Protein chains: 2
Amino acid sequence: MAKRESNVDRVYEALRRMAADFAFKPDQRINESALSEVLGASRTPLREALNRLVAEGFLTFQNNRGFFCRPLTPSYIMDLYEARVAVECEATRLACTRAADEDIAALADYLNRMEPEYESATDPEELLAMDESFHARLAQLSGNSELQRILNNLNGRIRYIRLIDLKRMRDRAGGKAPGDISAHRQIAEGIAARNTDAAVTAMRSHIEKRREEATEAVRIAFSQLYVPDE
Amino acid sequence: MAKRESNVDRVYEALRRMAADFAFKPDQRINESALSEVLGASRTPLREALNRLVAEGFLTFQNNRGFFCRPLTPSYIMDLYEARVAVECEATRLACTRAADEDIAALADYLNRMEPEYESATDPEELLAMDESFHARLAQLSGNSELQRILNNLNGRIRYIRLIDLKRMRDRAGGKAPGDISAHRQIAEGIAARNTDAAVTAMRSHIEKRREEATEAVRIAFSQLYVPDE
DNA sequence: ATACTCAAAACTGTATGCAGTTTCGAATTC
DNA sequence: GAATTCGAAACTGCATACAGTTTTGAGTAT
């Protein structure tokens, strides 16, 4: 029986989750020996996975000093959100131009089917997964796999902040995170009508709204990361 | 005396150049042992470098089968150009909004200083370097390092096709590649006037024009890659 | 000739060991 | 007490070895 998944892949997936969740604190040095023991692999596959994550921007690297968790600063998060605007607005534009009618209809369907779940969801992780899913599906409509790839990478690095943000909103709203599906619907309707300007404008303002919230979330994230007990 | 540059870095740089130039043919399997001998390093640092390149999209990877050169298809090149539109238009927009007057002036200065060299240049590699330099500088004006990072990656993967394209234009124009600096100037003027729409529109049409040429260049690239003698 | 089989050869996946570099902390000096 | 030195400990960088997988091609059958 052939082994289907390599050790590197397994280690990579584990590390990506850890990096996305800031299981390593910002700028923290990563000890390869200790980590390889935790992950049950030797340093060779571990370092291969770490190199991938460096190339993806989840970690940094310094010669003879090893791997470090990426820093967490307001301007870094700002950059990521602005890059999302670039990628998603163009994806929206392309979707308006060239997506098949049935695929657009499928996106609208998806929104309808998700709405009850979205409105009733209380778990930030669940809400975030649904939100990301919508954006990923929309990027698919662009038919451009580079844009999808870039978006996936950006979302991975933003995820932690968005989660903090959603938790904050839930706590302020008394146990209920607000599922803002209306913005998504507005975007989807713009695409369905092949109204490029309307759809792109809706997308831009949707992401930029989130970006503004995120600045505050970074401050909170900082305090959370330096109080390691849950 | 401390060693300043690691083996991995050196190997990575060499591989990036090779991958950018399609020193490996599309979909070709990469033999680690042979390559490590050529590069004068063992397989361990080589594989670390190869993993970075996979994460950056220069290579692909299959379990137990190793590393492969990325494929070269019209739709792949199209995707890269569309991603460039996304990134560079947003960078232009941000530059209009927030770049310092003196930095914008520096860009215009750069264009002026370059113009004689640009008009007289006959070497496609030189022309391309100058073109990329303009776009990189403009991205810098956005103040967003993610957009710069993404653009750098996209340009690396597009470079080979652009080179083919420039060579084709040179050959058709009789030994002289056309240095189309006017489009760059138009973009720079739009930014200087803080006229976002004009600058973004100019940037979009500039890249899209190049994208259309590129489709033909892919066909030529194919034929060049499969006639290995220079 | 073509298709199939299977063992040898070639190649990838990963653990391990050691050399070179950085980090840490006790001892020393001011 | 604060700063400095320096040797030991810890860690990273990389070559090598070997186990497991894939590829190749000679031999065989159709």
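What's counted below: heavy atoms across the whole structure, side chains too, no hydrogens, waters or symmetry copies. Below, chains carry the letters A, B, ... as their sequence lines are ordered, and counting in each starts from 1. Note that the coordinates shown come from a computational prediction; the quantities given were computed from them, not determined experimentally.
Taking atom CG of B:N64 as the reference point, atom P of C:dA10 lies 19 Å away to the nearest angstrom. The separation between A:R10 atom CZ and C:dG13 atom C1' is 13 Å, rounded to whole Å.
At distances below 3.5 Å, at least one donor-acceptor pair connects side-chain atoms of B:R70 with backbone N or O atoms of B:A19. No donor-acceptor pair under 3.5 Å is formed between the side chain of A:N152 and the backbone N or O of A:Q148.
Where B:F61 and A:R65 each meet DNA chain C at their nearest nucleotide, the meeting point lying more 5' is that of B:F61.
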- CA sep, side-chain torsions, deciding dist, call: B:E37, B:R43, salt bridge (Lys or Arg N to Asp or Glu O under 4.0 Å): CA-CA 9 Å; B:E37 213 161 305; B:R43 284 177 54 222; over 6 Å; no
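By the ring pair (Phe, Tyr, Trp, His ring centres under 6.0 Å) test, A:F61 is found to be paired with A:F67, residues two or more places apart in sequence or in another chain being considered.
For the contact set between residues 42-52 of chain A and DNA chain D, defined by any heavy atom under 4.0 Å, the members are A:R43, A:R47. Taking a 4.0 Å limit (strictly below) on heavy-atom distances, residues 29-39 of chain B reaches DNA chain C at B:R29, B:I30, B:N31, B:E32.
Contact between the side-chain N/O atoms of B:N63 and the OP1/OP2 oxygens of D:dT22 is not found at any separation under 4.0 Å.
Heavy atoms from other residues, nucleotides or ligands lying under 6.0 Å from CD of B:Q28 number more than 12.
Checked for salt-bridge contact, A:E146 and B:R157 meet the test: a charged N lies under 4.0 Å from a carboxylate O.
Using a 30° and 60° split on the angle between ring planes, A:F134 and A:H184 fall in the parallel class, below 30°.
Just one of B:K167, B:R168, B:R162 meets the salt bridge (charged side-chain N to carboxylate O under 4.0 Å, His left out) condition when paired with B:D165; it is B:R168.
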